[in-house]
Every structure is written in C-alpha cells, then in structure tokens.
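A note on names: the letters A, B, ... follow the listed sequences, proteins ahead of strands, and every chain is numbered from 1.
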2 protein chains.
Amino acid sequence: MSEPLILVVEDDHNLTKLLKYNLEKAGYKCFLAESGEDALKLLAERDVDLVLLDIMLPGIDGFEVCRRIRQHQLFRDLPIVMLTAKGEEIDKVLGFELGIDDYVVKPFSPRELNLRIRAVLKRDRRSRSSVREVMKCDGLEVDIARHSVTLNGREVTLTLMEFKLLAVLLKRRGQAQSRETLLSDVWDVDKTINTRTIDTHITRLREKLGETGKLIKTVRGLGYKLEDSGENGEEN
Amino acid sequence: MSEPLILVVEDDHNLTKLLKYNLEKAGYKCFLAESGEDALKLLAERDVDLVLLDIMLPGIDGFEVCRRIRQHQLFRDLPIVMLTAKGEEIDKVLGFELGIDDYVVKPFSPRELNLRIRAVLKRDRRSRSSVREVMKCDGLEVDIARHSVTLNGREVTLTLMEFKLLAVLLKRRGQAQSRETLLSDVWDVDKTINTRTIDTHITRLREKLGETGKLIKTVRGLGYKLEDSGENGEEN
DNA sequence: CGCCGAATGTTACAATTTCGTTAATTCAGC
DNA sequence: GCTGAATTAACGAAATTGTAACATTCGGCG
C-alpha cells in the first residue's frame, strides 16, 4: 500500500508549510486547500484518506465544511481531524453530530499531530472493516456485508442460518462455543430454540463446505469450534 | 465505586418513566435522551457506563446511533444494550459487528432487564482486562477458551472430564487436592459420584499425558497434585 | 524382613450421554 | 397452497463416563 493521502485545509501559510514538511517527513502524501470551497472540490478529484481541517477559514468555516463533506455518501466515513485554536469552540468539535474523528489544539507539536493522525487512520481501517468485514480462514472467505461466502474462490450458497452460524464460528475461530452461546449469538433474542437444531445446521454446513467443513470440530460435551489452522488472519 | 451511570435512549415517555424507576431502584443512576442526536451530545458530557438504546427512534435509528458511538475512540468499548420490540427483526450477526452487547425484548420484566445489564457490565469489566487463560507447565499447555491441550506442541485429545480435571490440577499446581475438592470443583454440583471415579480419570490422564503424566503425583491418604516443577508460570 | 490392611492403580464393562443423520413437520414468503 | 428453509423428532452409532472387580503398591508393625 502507498502512503496515505492527506488533504490539509488551512489558510495560514506559515502553518501549511510546517504541516506539509512534517506530514511528508512522517510518510504521508499531502496537498493543500486554502478554503472550504477548494477543499470540497479537491476531495472529489483525489482519493483522500484523511482531512486535516482548520476551523477558521475564509468563507465557510470548518464546521460547515465538515457538514458538507459528511453529506456525501462517499465521504460519510472519511476521517476528519480538526485543527482548533485554543479557546475555540471545542465543545462543538467534540459534538458528534459533525462526525469528527479527532482534533488537535494549536499550537501542537508535530509529534502529537502524527500520533493522532496515525491513530485515526488505524481506527478508520478497523471501523470500515467492522462494517464491511471479510473474514478469511484457509480457503474460506466470509463477507458479512455482502452476505457472501466463497470457498477457494468458488461461491458457496448458504441459507441464512447457515451463514450466520458460520460467521460466528469464524469470528471466534479457535474457541469452543457452547450451543447456548451459539444460540444467543445467532438466533433472534426472543426465540426459544432447541439446542439440537444447531447440530442439524452444523451438519449441512459441513456438507456444503466439503473438505473445509472438516475444520468445524465438535467439542464433545461442549459444542463446536472452527479449527484455527494457524496464521491466517482477519482481513479488511 | 459509585453506581454505574446509564444513558437511556428512548422516546416513549411511558417506557422511560418505568425504566428510570426500575433502574434507580436497582442501584443505577440514569438519565435520558429522546433521540439519537441528543444521545450523542449527552454522551460527550457525562461519563456513561452503559447505553440502553431503543432501536426505533425519531431521526436516526438505534443502529446508526450505535455505529456513530463506536466511531469514537473513547466509546469503542462502551457497553450498549438494545431495546427491541417483539417481532422486530434483528440481525444479530450484524449487531455483533456493530458491537452490541446484548438485547432485551419489549415487553420485558424489570428483573430480566437488570439481569442483562448486570451481566453486560460485569462482562465489560472483564473484557477490558481481557484475561486469556492459558496455563503452562513444562511441556503442557492448557487453553480453556480453545478447549485445547498441547503436550510439547502436539495436540492431545482429552474428554471433557479429563480436561476439567487437568485444568483444576494445573490451576492449583503444587497443591495437593483432596478427592472431595476435586469432585466439587470438576463435577456438577448435584451429582453424587464415587470418589474412586477420580482415580480412574487420573489413570486415564496419566496415560494420555505419557511421560508428562508422571507429574501427577498421588498424595497418599489425601488425593492428587500436579508437580510444580519450578518457575513456569501462567501467561497473560 | 515379611505380613497385612488400606489405599491406590488398572482394566473391563455396562449405562448413559452425546452426536450425526435422515426423515418428518412446521413455518414464512410469495 | 407452493416451495424452500428452519426446526423438531427419531434413531442408531459412537464416545464418554461411572463402577465394580481385581491387581498392585505402600507403610506400619510385629
């Protein structure tokens, strides 16, 4: 992956120079917008990973820029870090309605800025993955959002319950899950289901997953677990 | 520690009254938000321990509120319990992804609500300190969660009773355990089991553990103990 | 040192539990 | 009501478990 791209929205030339220097030293690419309007235009043109946004801007202010960014479907989750002067309306920054991910108070040290940016980027990647998560294990790939399962590249059609069951097993792969746990995590809250129902679904899952199905181990006296065959990690 | 603070996000006034009454009777402090937007603002202002969140809300719905809460670093681990109406379709797997900790179905009894809240709060504290129980002793490794035992790297399959017995011995390694103690710690409370049964299990354990099985010493007239061969400790 | 009884080890077996599977039934969406 | 999914039921197979019977060891004691 190449360096993350940061859009800096700031009109103070002294500051922008400093920011550019530091950000690039820290391994980010960055470019500049001197007003909110510019920023919105530029956003559309390049694939930005994070916006560093001053509150005080000529024309529309940082809050408004933020609001407009969030209006766009595409940028709903785009990380935004606010630059605020001491004493500025920090309350508002903290407010959630704007969807700001973090803020830095001027004057700040380059170190602090970098730490925050790094944290937000990291968090961002994770939070995206938590909504559009793809879990992998051996040849198995489960995409929660798309509700799809592929096995060594081939799509496998699972029924709803099978899918959910597999998802939970995969999420906690390696750990033995009691039937009770599975029930409460997979089935509707108020349903009262025979725990043996799980067995049936497990059977069908195993069948549909073929060789890979053998990864679903029964833990006698306890429940089931998905074998965690080593290093294969979680993707995003 | 003072009473946990619960933020109730609910717009039905009848229900909020009831909730407030019951929660306070149960020893929680609580306050109210009538919309998701309010909730998000209020969260920033007070140090909330748990959010009780209705799905149906004016404006943004409960799931979206949840998502936004989770976006913030500070509230990444904040316990959230969903209030759902009977018949509302809930995708628990998705909810799982959002980090919802539990659900309560309306109409619910105060008792049930309290039980769930207490459970979640308890779990929460535990998961923060995240103790993964892996016990090691010589070449022996017992992982409770995974329900696995490895002996010098090789997996050993134990039956449930064998596993439990070994776990207890390992947990109290070095200390002699009377048969009575073992019985009450390993077996179900209401089972009336011959103490000699333990001997049989010990035999089987020793056999399966091979050379390492010799670490299980019998303490004549008392019971058994697992030799504590020095410094090898417990992990995390 | 050798005997004896108590405690423990071992083994086999029967009872029980648990599980996998198939078939039957119910359920939900169309 | 038709269809596929979800659930339950049923039954046989397999694993686990408890017990009892017998073997062995241990420790004290004469």
Side-chain angles (χ1 to χ4, degrees), chain A residues 147 149 156-169 176-210 213-226, chain B residues 86-93 147 149 156-169 176-211 213-227:
Chain A
H147 205 274
V149 178
V156 182
T157 30
L158 299 184
T159 69
L160 189 58
M161 287 297 139
E162 287 159 10
F163 178 82
K164 289 183 178 181
L165 187 55
L166 180 61
V168 170
L169 283 175
Q177 302 293 311
S178 73
R179 288 187 177 69
E180 284 71 26
T181 303
L182 291 174
L183 266 190
S184 81
D185 284 348
V186 170
W187 273 262
D188 263 1
V189 207
D190 51 350
K191 283 213 173 163
T192 147
I193 303 269
N194 194 327
T195 55
R196 288 306 307 282
T197 299
I198 293 174
D199 299 26
T200 314
H201 288 293
I202 291 280
T203 299
R204 288 198 283 252
L205 254 182
R206 281 173 172 155
E207 192 189 334
K208 287 192 180 176
L209 296 184
K214 290 179 183 164
L215 288 182
I216 303 178
K217 305 284 188 190
T218 93
V219 182
R220 208 156 232 272
L222 249 178
Y224 297 93
K225 73 170 171 179
L226 190 69
Chain B
K86 198 179 184 114
E88 251 169 351
E89 278 289 315
I90 298 170
D91 190 334
K92 291 194 83 171
V93 172
H147 202 270
V149 178
V156 181
T157 29
L158 300 184
T159 70
L160 192 60
M161 287 297 145
E162 287 159 9
F163 182 83
K164 287 184 182 175
L165 187 55
L166 179 62
V168 170
L169 285 174
Q177 302 293 312
S178 74
R179 288 186 177 69
E180 284 70 26
T181 304
L182 291 174
L183 264 192
S184 78
D185 284 351
V186 171
W187 273 263
D188 268 357
V189 207
D190 52 347
K191 282 216 171 165
T192 151
I193 303 271
N194 195 326
T195 54
R196 290 303 311 283
T197 298
I198 292 175
D199 299 25
T200 315
H201 283 288
I202 291 283
T203 298
R204 292 199 273 246
L205 253 183
R206 281 173 172 156
E207 191 191 337
K208 287 193 181 177
L209 296 184
E211 200 57 27
K214 292 179 182 163
L215 287 181
I216 303 177
K217 305 288 188 189
T218 92
V219 183
R220 203 155 237 268
L222 243 178
Y224 299 92
K225 73 168 174 179
L226 191 68
E227 199 68 78

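The two residues Leu222(A) and Ala176(A) come nearest to each other via the heavy atoms CD1-CB, 4.5 Å. Shortest non-hydrogen contact noted between Thr181(B) and Ser178(B) is OG1-OG, 2.8 Å. Scanning both residues, Arg179(A) and Ile198(A), for their nearest heavy atoms gives O-CD1, 3.3 Å. Taking all atoms of both residues into account, the shortest heavy-atom contact from Val186(B) to Leu165(B) is CG2-CA, 3.9 Å. Pairing each heavy atom of Val156(A) with each of Lys208(A), the nearest pair is CG1-O, 4.2 Å. A pairwise comparison of heavy atoms in Gln177(B) and Leu169(B) identifies CG-CD2, 4.3 Å as the closest pair.
The CG-C1' distance, from Leu183(A) to dA6(D), rounds to 13 Å in whole Å. Residue Leu158(B) contributes atom CG, which lies 14 Å from atom C1' of dT17(D) at whole-angstrom precision. At whole-Å resolution of the value, CH2 in Trp187(B) and C1' in dT16(D) are 12 Å apart. For the pair Ile216(A) CD1 and dG20(C) C1', the interatomic distance rounds to 13 Å; values are reported in whole Å. Rounded to whole angstrom, the span from the CE atom of Met161(B) across to the C1' atom of dA15(D) amounts to 13 Å. Following rounding to the nearest Å, Ile193(A) (CD1) and dA28(C) (P) show an atom-to-atom distance of 11 Å. Computed from coordinates, the Leu182(A) CG to dA6(D) C1' distance equals 16 Å when rounded to whole Å. Between the CG atom of Asn194(A) and the P atom of dT21(C) there is a distance of 17 Å, given to the nearest Å.
Recorded end-axis angle for the helix from dC1(C)-dG30(D) to dC30(C)-dG1(D) stands at 30°, based on five pairs per end and rounded to 10 degrees.
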Expected string for nucleotides 4-14 of chain C under the B/S/- scheme (protein heavy atoms, under 4.0 Å, primed atoms plus P, OP1, OP2 as sugar-phosphate) is ---BBBBB---
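Listed pair His201(A) / dT7(D) meets the phosphate criterion, a side-chain N or O lying under 4.0 Å from OP1 or OP2.
Rounded to the nearest 0.5 Å, atoms CZ (Arg220(A)) and OG1 (Thr159(B)) are 10.5 Å apart. Of the inter-residue distances, the one linking Leu183(A) atom CG with Asn194(A) atom CG reads 8.5 Å to the nearest 0.5 angstrom.
At the heavy-atom level, Thr197(A) lies under 4.0 Å from base atoms of the strands shown.
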Which is it for Glu162(A) and Arg204(A) under the side-chain contact (heavy atoms from CB on, under 4.5 Å) test, yes or no, and what are the steps along the way?
CA-CA 8 Å; Glu162(A) 287 159 10; Arg204(A) 288 198 283 252; 3.7 Å; yes
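Across the interface with DNA chain D, nearest-nucleotide mapping of Glu162(A) and Thr159(B) shows Glu162(A) to be the residue nearer the 5′ end.
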